[in-house]
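What follows is a single structure, written as structure tokens, with notes after it.
Keep in mind that what you see is a predicted model, and the values were worked out from it rather than measured.
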Amino acid sequence: MLGNKQTISSKQLLSLMILFEFGTAIVVHIGLESNHATWLSILIALPGALLLYGLYRYLYRQYPDLIVSGYIRKIVGPYLSWPLNLSILAYFIYNASRNLREAGDLLIASVYDETPLFIINTTMALVMIYVLSKGVEVLFRLAQVYILVILFLGITGLLAVSFSGEMEFSNLFPINGGDWRNVIQTAYPSILLFPFSELFAFSTIFPLLNNSKEAGRTGTAAILFSGLVLSLTQGVQLLVLGNSIYVRSTFSLLTTISVINVADFLQRLDAIVMLLLIICVFFKMSLYCYAVMAIWGDLFRIPNTNKLAAPVGIVILFMSIFSAWSFPEHTDEGQRSSMVMLFLVTVAIPLFLLLVHFARKTFRRLREVS
Amino acid sequence: MKRIVAILVLLSVCLPVTGCWNSRELTDMSIVVGMGIDSVPNSNDYSVSFQIVNAGALSAQGGAQVGMGALPIVTYSSQDNSLFGALRKASRKVPRRLFFGHIQLVVIGEEAAKKGINDLFDFMERSHEVRLSSTVLISRGTTAEEIVSIVTPLEKTPSIGISRKSRITSQVWAENADTNVKEIINDLVGPGEPIIGGIQIIGDRKLASTERNAKNAQPPSYVLINGISLMKKGKLIGWMDNHLARGVMWTRNEMKGTVMNLPCEEAGTKDVVVVVRSITKVKPSLQEGKPKFLIHIKEEGVLGETTCSDDLNNRDAMKRIQDKWAAQTKKEVAATITAAQKAESDVLGFGSFLQKSYPKQWKKLEKNWPQTFAESEYEIQVETYIRRAGMRGSSFKKQMIEAEE
Amino acid sequence: MNKTISADRISTNLEMNLHEIKASLGSSSDLVFKRFTLEGIQAAAVYVDGLIDRHIVHDLLFDSFFSLTFDVPSKSPLEQIKHKGLSSINVQSMSTINDIVLAILSGNTILLLQQCEEALSYETCGGEVRPVTEPSSQIVIRGPKDGFNESISTNVALVRRRIKNSNLWLETMQVGSVTHTEVAIMYLNGTAKQEIIDEVRRRLQNIDYESILESGYIENLIEEQTYTPFPTLFNTERPDTVAAHILEGRIAVFVDGTPFALVAPTTFFMFFQSAEDYYHRTDVSSGIRLLRYISLFISMFGPSIYIASITFHQEMIPTPLLLSLASQRESVPFPALVEALIMEVSFEILREAGIRMPRAIGQAVSIVGALVLGQAAVQAGIVSSAMVIVVALTGISSFTTPSFNAALSIRLLRFAVMFCSAFLGFFGIAMFSILMIAHMCGLRSFGEPYLSPLTPLRPNELKDTFVRRTFKRSSSNRRPN
């Protein structure tokens with residue numbers, strides 16, 4: 001009763017998954033820059049996302065008590081598992097630092113133009129270290145509280161946009177942005193990878209669930225809900241801003257909200273978008289940090305991973321500052337090299353594991369038969 | 001361990017004292033409510049002027065501190081090759097730091113507009129402070145700086161008053177367009193042209209920015225919103241005034257209300273219809289590669305005034321007025337389209353309709369669109385409905401005539 | 001200066017015993033010795049005047065002792081007295097000086113006989129206590145107006161009167177090595193979780209402290225985490241509140257000498273529920289509860305949002321309002337944070353002073369002080385009127401919290417948030433609130449997560465947290481716990 005083993009309920013998992021999926025995807029224009037029917041691409045990417053998630057869940061169900069690094073060891077053996085695990089570890093650290101960097105840069109670009117990046121990133125990193133050093137259970141409880149905050153902010157923003165009369169439905173047409181190929185190319189692989197395949201990080205969380213059967217339902221619900229909301233958000237941005245501005249904005253949701261002017265009273269509700277960004281990115285980053293801590297703890301046999309929060313957090317902080325010299329460079333890197341790495345880690349490796357797993361199973365069966 | 005934490009906490013408390021980077025006190029800011037952009041003759045420089053609120057003079061409380069009877073606004077201007085440069089250069093004159101978060105009005109000088117407005121808007125959309133919803137107007141016959149310096153009697157901050165004026169008149173009289181920065185950028189990128197309202201100073205221009213203007217029941221000068229710009233590829237080539245402007249509003253589905261004076265059979269008498277609602281749909285079609293546009297306008301209105309002596313209880317009388325109204329609308333819209341086609345300027349937004357409906361063919365037509373637009377055919381259909389006639393049936397004039405007989 | 005009382009047994013010599021008792025109390029002048037003979041045997045009654053109920057002792061002495069006759073010579077005199085005496089009083093046998101002295105100090109009367117190795121202790125506690133009156137701190141408009149007083153037996157009885165159920169169990173113990181304060185825990189057997197009961201008992205018994213003067217001491221000694229601004233034990237002066245919590249499966253802790261009883265385990269939302277919510281209609285109560293949460297938000301974040309908007313996010317304020325604020329601030333020489341701190345600190349000073357002032361002047365001075373100070377400060381140009389309004393609204397919102405100790409925590413946190421907002425604007429506020437809520441998520445009160453039923457989510461109980469749920473007509477509305 002007092003200080004029990006850390007378990008997570010499915011509702012908490014759902015909250016964190018949704019917040020994780022929102023991340024930075026909800027405030028910027030995701031997908032290829034040339035596509036203005038992003039909302040459609042997101043919907044098209046959903047089936048693929050569900051499939052990928054099914055893959056992660058399948059791997060989890062084969063080894064319900066192990067996190068990723070654990071079952072990699074089981075599937076490919078101890079020697080090959082090291083490079084795989086280390087690359088996953090490295091990629092998670094990199095991705096966490098990218099998220100932190102993006103959040104800091106967006107805040108600076110929009111409001112805090114004279115504050116040094118170091119200060120903003122350090123603040124977020126310190127809070128993250130504090131939360132994670134109390135245990136991952138606290139993070140999930142926090143997620144449950146903040147999902148309500150996000151829903152409230154989201155509904156307020158949506159109402160404000162609807163009442164402002166700034167939405168021009170003619171901006172939706174032509175629906176395909178003139179180019180079906182573009183729409184589908186954005187969906188696969190771009191949007192599939194970011195943000196949906198990032199759910200791979202939850203492979204370090206599944207063993208903590210108090211009811212392992214719920215993993216599938218929770219994940220499906222999270223993907224569908226966040227996908228619909230992301231699609232809606234991107235659609236609204238397109239309606240309000242019009243094609244040209246929407247596609248070229250660095251922080252399109254903020255630009256959208258800044259146009260809202262309801263009755264001359266509710267003006268420039270930028271703070272709503274800022275809060276949205278801060279909260280969603282915080283949870284995404286924290287989850288990645290925890291994934292790193294869990295894998296590290298598993299690889300190097302450290303029993304209490306809470307103590308790893310501070311070192312991992314500091315590494316993420318410094319990486320975020322040194323990863324790119326400027327924001328356009330960061331975005332460019334995101335389109336190219338980060339996509340490739342994301343593909344390798346979240347799609348290639350799990351598929352490879354699946355194949356090896358099946359191969360071993362069939363060999364085992366063959367051996368049993370003979 | 002606890003000591004380390006304690007030391008860190010103490011240190012972090014000292015941080016705010018060093019001067020938090022982004023915090024700006026209201027007393028350190030000059031709130032810019034209006035901005036004017038002129039081009040400097042014989043050079044590529046811009047002359048940018050700012051209308052700054054004199055906060056102290058606005059309140060009763062702080063009035064004692066600032067000079068009594070000070071004007072509520074102050075204008076400064078500066079010149080530089082780029083807009084951002086001009087902004088920062090103004091710091092040599094302005095006592096505080098300029099803050100653009102509340103900018104309501106942007107006025108572009110006529111000369112600058114003739115040179116082209118394409119270059120003016122990147123700054124406005126890239127900056128996070130400038131509002132995309134600011135009203136944009138082009139000055140006619142004066143420089144933007146003079147417009148931005150005018151002092152008005154009814155409104156303490158003239159920029160707020162002017163932007164409100166622009167909005168109201170576009171909704172009530174509809175011979176003016178109320179466009180903001182966002183709409184202009186979207187129009188510039190698209191195949192059509194932006195429509196920007198014009199603004200003039202009527203009266204004694206020298207007294208416009210003095211106190212006398214604000215404290216007079218009949219101010220020596222005032223600001224007039226007049227006309228819609230005619231642009232080609234972002235350069236001002238002319239103006240559309242009065243009914244031509246109204247036609248533009250109709251075609252672009254921006255008509256929200258206006259007044260139609262429809263003459264009756266008897267000379268000098270007229271029926272006046274107040275337009276309450278108007279929806280325009282433009283359907284493009286391609287006939288042998290040539291575009292044709294079907295413009296369908298459906299309007300609803302109210303009879304606001306009449307000096308004819310018709311019997312208004314008669315259904316035919318209403319129908320007659322409706323027909324007159326439809327004919328007048330059609331005439332005005334046709335005149336507008338003709339004028340636009342003559343100037344080869346697609347201010348009516350036909351290009352974007354074509355682009356949305358025929359994306360493949362559009363790619364071929366895109367290049368020469370201004371010429372193709374000038375040669376396009378069009379057809380106008382107008383449906384009009386008079387819903388009500390106000391608080392009376394027949395007019396009292398009719399009763400007067402009957403009494404005489 | 002603790003003299004260890006001898007744990008020796010009583011000797012058979014009466015005078016020696018009496019001498020021993022007198023010596024251990026340092027010949028305190030309020031110790032009364034009444035010597036008499038009982039059928040020829042030397043006897044003495046010892047008590048402390050002031051701790052006893054004089055009527056009972058009078059009856060005891062005159063009706064029982066002085067007129068006692070021994071009927072059965074075979075039984076020991078003590079046994080006969082024990083069985084014959086006033087039957088409505090609790091009687092116990094004691095054999096060590098230690099027990100006797102403690103009993104005397106608890107208000108008992110001791111009967112010692114010559115040649116007896118045991119003494120009898122009669123429970124005659126009494127003395128002056130404050131009558132049961134309306135509680136001073138948690139006032140309701142509709143509802144019972146009796147509040148606890150300083151006597152633990154009265155307090156326990158007030159709760160017993162409300163729950164006439166045989167499962168309502170009471171355990172007493174003494175805490176405090178010097179003060180030996182009587183502490184009792186009360187719970188509904190079967191509804192309260194056994195682990196929590198055991199934990200409460202264990203923690204109380206493990207208290208190693210000299211003096212327990214108030215339940216606040218106990219609260220500090222048994223709570224899990226002391227480095228937190230949030231209280232993890234709920235206290236109240238009202239018997240109906242305690243009864244309601246006991247019925248929900250919680251455990252009440254009573255401490256002799258204070259009218260404030262403790263309730264464990266506690267959740268954050270308990271501090272925002274008042275007993276009165278259940279005495280009014282559902283919709284009205286729900287509205288008021290929501291209002292309380294809104295006031296909580298205002299009192300915590302009010303000045304910070306104002307400071308953040310004025311110094312970082314001026315775009316957010318509607319233009320006419322901004323111009324008006326700008327004109328007000330023209331005459332103020334301080335930055336917004338300093339101005340806010342000045343006003344907030346003055347308000348806190350006024351508030352504290354208002355509590356300590358004698359009641360007659362208290363009301364007038366605090367109202368006048370607030371108004372005059374505010375107005376004068378504005379006219380002197382030290383603060384702006386908008387700041388006065390913000391601070392006043394914040395202060396008044398903080399009074400809607402029914403529970404005083406939670407209000408105290410929030411007052412302190414408000415200053416921390418103000419610093420964060422002056423440092424980093426809305427980002428600072430957001431980060432601080434994440435920090436604070438994370439801290440709350442990690443708190444546990446006797447094993448119960450501090451923020452339940454919000455997280456971990458228990459939808460059944462959630463219905464009663466933010467709004468008040470209706471009374472179901474059926475009798476089966478027991479909460480799961």
Residues 423-437 of chain C, side-chain donor-acceptor partners within the protein, below 3.5 Å, at least two apart:
from	atom 1	to	atom 2	distance (Å)
C/S433	OG	A/Y146	OH	3.4
C/S433	OG	C/I429	O	3.2
C/S433	OG	C/A430	O	2.9

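Counting heavy-atom pairs closer than 4.5 Å to chain B, the top residue among C/T311, C/I317, C/I307, C/L322 is C/T311.
Counting heavy atoms of neighbouring residues, nucleotides and ligands inside a 6.0 Å radius, atom CZ of C/F399 exceeds 12 of them. The number of heavy atoms from other shown groups lying within 6.0 Å of CG (C/D208) does not exceed 12.
The part of B/F99 that comes within reach of chain C is its side chain, from C-beta onward, which places non-hydrogen atoms under 4.5 angstrom from that chain. Proximity to chain B (any heavy atom under 4.5 Å) is shown, for C/L325, by both the backbone and the side chain.
For B/K89, the salt bridge (charged side-chain N to carboxylate O under 4.0 Å, His left out) criterion is met by B/D80, not counting sequence neighbours.
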